[in-house]
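Residue indices begin at 1 and follow the sequence shown. Nothing here was measured: the structure is a model prediction, and the numbers come from that model.
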Amino acid sequence: MKLSRSGQKMSDMSGLRSIMEDVATSTASGASDWLNLSIGNPAQIKEVIDAWRDLTATVVAEDFAATSSRYGPSRGMPTLVEEIVTSFNAQYGWGITAENVVVGPGSQMLFFIATALFSGQTADGSFQRVVLPMTPDYAGYLGLSTDPDGVTGIAPEIELTGDRSFRYAFDFEAVERCPEVGMLLLSSPSNPTGRSIDGDELARLVGLARRHDVPLIVDHAYGAPFPRVAASRVAPQWDDHLINCFTLSKAGMPAERVGFAIGPSRYIRAMVSFMANSVLHAPQLMQRVAARALSSGLLDRLAATVINPFYRARRLYAERLLADLLPESVTWRLHAGEGGMFCWLWIDHDWFDDMALYRLLKTKKVFVVPGRHFFATPASDATAASHARRCFRISLTADEHVIAEGVGRIAEGLLELRRSS
């Protein structure tokens, strides 16, 4: 088989593909002994599951033929698009119309569409890249481009905030020096750290996008207005160079693949055309469910009264667990955050390697995610590469006893790695 250059890139192993293969292993028949602390699946919260199940059953009973037995518009079902327009105008005073909205089969597909539209070889022969203004960021971004050099990232500045805590900061000088910018992309609150961009940082990135005349895409998968898994320091904003992306995944519907983007019509129009030429449209039954969840206030209620308190409590539990179980003799630090679905850990020792820990923990039936999967900094940046290899991510969505047992095995693994160095 002879693959194209793009085919080779998209068929190679990536961080996201590795995570999905670990998902397959841990969910296979007879695999219940695995402790999966890698997956980004939302926690199985009974009230959330029950609410979505009941609403889906109602839609199936009332609207199945109208939604699932015929094709629909590539922009999205009018009922959902109208609810998005109404909801966001009421909440944020934006004044958007249907021309500013596109619904996709998950936000991951929307990012892929934007990458195809705004990066790569242009008609005049120049080359544009997707720029991640701060890494680490979502591992799935690194696989978006069909070009091997299509995504680049900026290493962060590191601020120590305590004996066992730290946080990242933007290196704006490096961001502004970055050439060949076709699109800026970041998650806020961030996967994997939970860090949220603030108003001044967002304004500076919007200004950079305006100077390059490119879109800035902000991925709100964990933030406001839903699912509020982690705290947002600034509400979603409107700007003529800003595309905001939202998803139902972390609000309890990851398998149903429904996300949407809101932005200037010139960007959204191109994304709708790409949808028509590729996947036609997003699944319509779940679009109808999403429309009902918005119009009834269910989505806002779940986010505010169930999902947000759950993850705040789970984060505090994890912080106590790490402090109790990880070896005191190991210099480990946790990225500061409030709530969130993950803990991002930095092991500040020369003997530590993220892939070595990953492989060792697999022998102990535990999955974590190596830190290097979240960095897209150039190979020439040795400092960033070294830091990436000293980090890893654990998920907080498993049951508490699974997290506790998993962290205990991580503690054992750290001591074993140190002894073997």
Is a side-chain donor or acceptor of [X] paired with a backbone partner of [Y] at a separation under 3.5 angstrom?
| X | Y | value |
| --- | --- | --- |
| Asp219 | Leu186 | no |
| Lys250 | Gly223 | no |
| Gln237 | Ala235 | yes |
| Arg314 | Ala398 | yes |
| Asn89 | Gly95 | yes |
| Ser107 | Thr247 | no |
| Tyr71 | His281 | no |
| Thr397 | Asn41 | yes |
| Trp52 | Val289 | no |
| Gln287 | Met77 | yes |

Side chains of [X] and [Y]: is there a donor and an acceptor less than 3.5 Å apart?
| X | Y | value |
| --- | --- | --- |
| Ser126 | Thr122 | yes |
| Arg164 | Thr331 | no |
| Asp147 | Ser145 | no |
| Asp137 | Thr135 | no |

Could you check if a side-chain atom of [X] sits within less than 4.5 angstrom of a side-chain atom of [Y], using non-hydrogen atoms only?
| X | Y | answer |
| --- | --- | --- |
| Leu208 | Glu176 | yes |
| Glu319 | Cys343 | no |
| Trp332 | Ile410 | no |
| Leu248 | Met286 | no |
| Leu144 | Val130 | no |
| Asp171 | Glu157 | yes |
| Met109 | Ser278 | yes |
| Arg315 | Leu334 | yes |

Smallest separation among heavy atoms of [X] and [Y], with atom names:
| X | Y | answer |
| --- | --- | --- |
| Tyr311 | Gly340 | CD2-O, 3.5 Å |
| Ala304 | Pro309 | O-CD, 3.5 Å |
| Phe170 | Met134 | N-CE, 3.2 Å |
| Ile243 | Pro264 | CG1-CD, 4.5 Å |
| Phe374 | Ala139 | CD2-N, 3.6 Å |
| Leu205 | Pro133 | CD2-CB, 3.9 Å |

Using the ring pair (Phe, Tyr, Trp, His ring centres under 6.0 Å) rule, pick out the option among Tyr168, Trp346, Phe342, Phe392 that qualifies with His335.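 Going through Tyr168, Trp346, Phe342, Phe392 one by one, the ring pair (Phe, Tyr, Trp, His ring centres under 6.0 Å) with His335 is satisfied by Tyr168 alone.
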
side-chain contact (heavy atoms from CB on, under 4.5 Å) for Arg390 and Arg333? Distances and angles first, verdict last. CA-CA 11 Å; Arg390 295 184 183 185; Arg333 293 186 174 92; over 6 Å; no

Under the ring pair (Phe, Tyr, Trp, His ring centres under 6.0 Å) test, which residues partner Tyr141, sequence neighbours left out?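 Result, ring pair (Phe, Tyr, Trp, His ring centres under 6.0 Å) vs Tyr141: Phe111, Tyr138.
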
From [X] atom [atom1] to [Y] atom [atom2], the distance as rounded to the nearest 0.5 Å:
| X | Y | atom1 | atom2 | value |
| --- | --- | --- | --- | --- |
| Leu325 | Glu328 | CG | CD | 11.5 Å |
| Thr152 | Leu142 | OG1 | CG | 9.5 Å |
| Ile262 | Cys245 | CD1 | SG | 9.0 Å |
| Phe310 | Met341 | CZ | CE | 9.0 Å |
| Glu83 | Leu299 | CD | CG | 11.5 Å |
| Ser265 | Ile96 | OG | CD1 | 11.5 Å |

Is the count of non-hydrogen atoms from other residues, nucleotides or ligands lying under 6.0 Å from Arg266 atom CZ greater than 12?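 Result for CZ/Arg266: enclosed.
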
Heavy-atom count around Phe127 CZ within 6.0 Å, excluding the residue itself: above 12?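 Correct, the count exceeds 12.
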
Could you label the plane-to-plane angle of the Phe118 and Tyr267 rings as parallel, tilted or perpendicular, counting under 30° as parallel and over 60° as perpendicular?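 Taking Tyr267 first and then Phe118, their aromatic rings stand perpendicular (interplane angle over 60°).
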
Can you tell me how the ring of His387 sits relative to the ring of Phe166, calling it parallel under 30°, perpendicular over 60° and tilted otherwise?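 Judged by the thresholds at 30° and 60°, the geometry between His387 and Phe166 is perpendicular.
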
Worked check of ring pair (Phe, Tyr, Trp, His ring centres under 6.0 Å) between Trp34 and Phe367: CA-CA 8 Å; Trp34 281 94; Phe367 284 126; 4.4 Å; yes

Set out, in order, the CA-CA distance, both residues' side-chain angles and the distance that settles side-chain contact (heavy atoms from CB on, under 4.5 Å) for Leu345 and Leu322, then state yes or no. CA-CA 10 Å; Leu345 288 156; Leu322 293 168; 4.1 Å; yes

Quick test of your reading of the model: are [X] and [Y] salt-bridged, counting only N-O distances below 4.0 Å?
| X | Y | answer |
| --- | --- | --- |
| Arg288 | Glu62 | no |
| Glu99 | Arg75 | yes |
| Arg320 | Asp324 | no |

Show every salt bridge (charged side-chain N to carboxylate O under 4.0 Å, His left out) that has at least one partner inside residues 224-235, sequence neighbours left out.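 Non-adjacent pairs meeting salt bridge (charged side-chain N to carboxylate O under 4.0 Å, His left out): Asp198-Arg233.
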
Test Asp354 against every option in Arg389, Arg393, Arg372 by the salt bridge (Lys or Arg N to Asp or Glu O under 4.0 Å) rule and name the one that passes.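 For Asp354, the salt bridge (Lys or Arg N to Asp or Glu O under 4.0 Å) test succeeds with only one of Arg389, Arg393, Arg372, which is Arg372.
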
Among Arg257, Gln108, Glu256, side-chain hydrogen bond (donor to acceptor under 3.5 Å, both in side chains) partner for Ser249: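 For Ser249, the side-chain hydrogen bond (donor to acceptor under 3.5 Å, both in side chains) check succeeds only for Arg257.
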
side-chain contact (heavy atoms from CB on, under 4.5 Å), that's the test. Do Arg292 and Asp63 meet it? Break it down for me. CA-CA 11 Å; Arg292 294 275 190 103; Asp63 298 323; 3.1 Å; yes

Check the pair Leu414 / Phe352 against side-chain contact (heavy atoms from CB on, under 4.5 Å), numbers first and verdict last. CA-CA 8 Å; Leu414 290 173; Phe352 181 80; 3.7 Å; yes

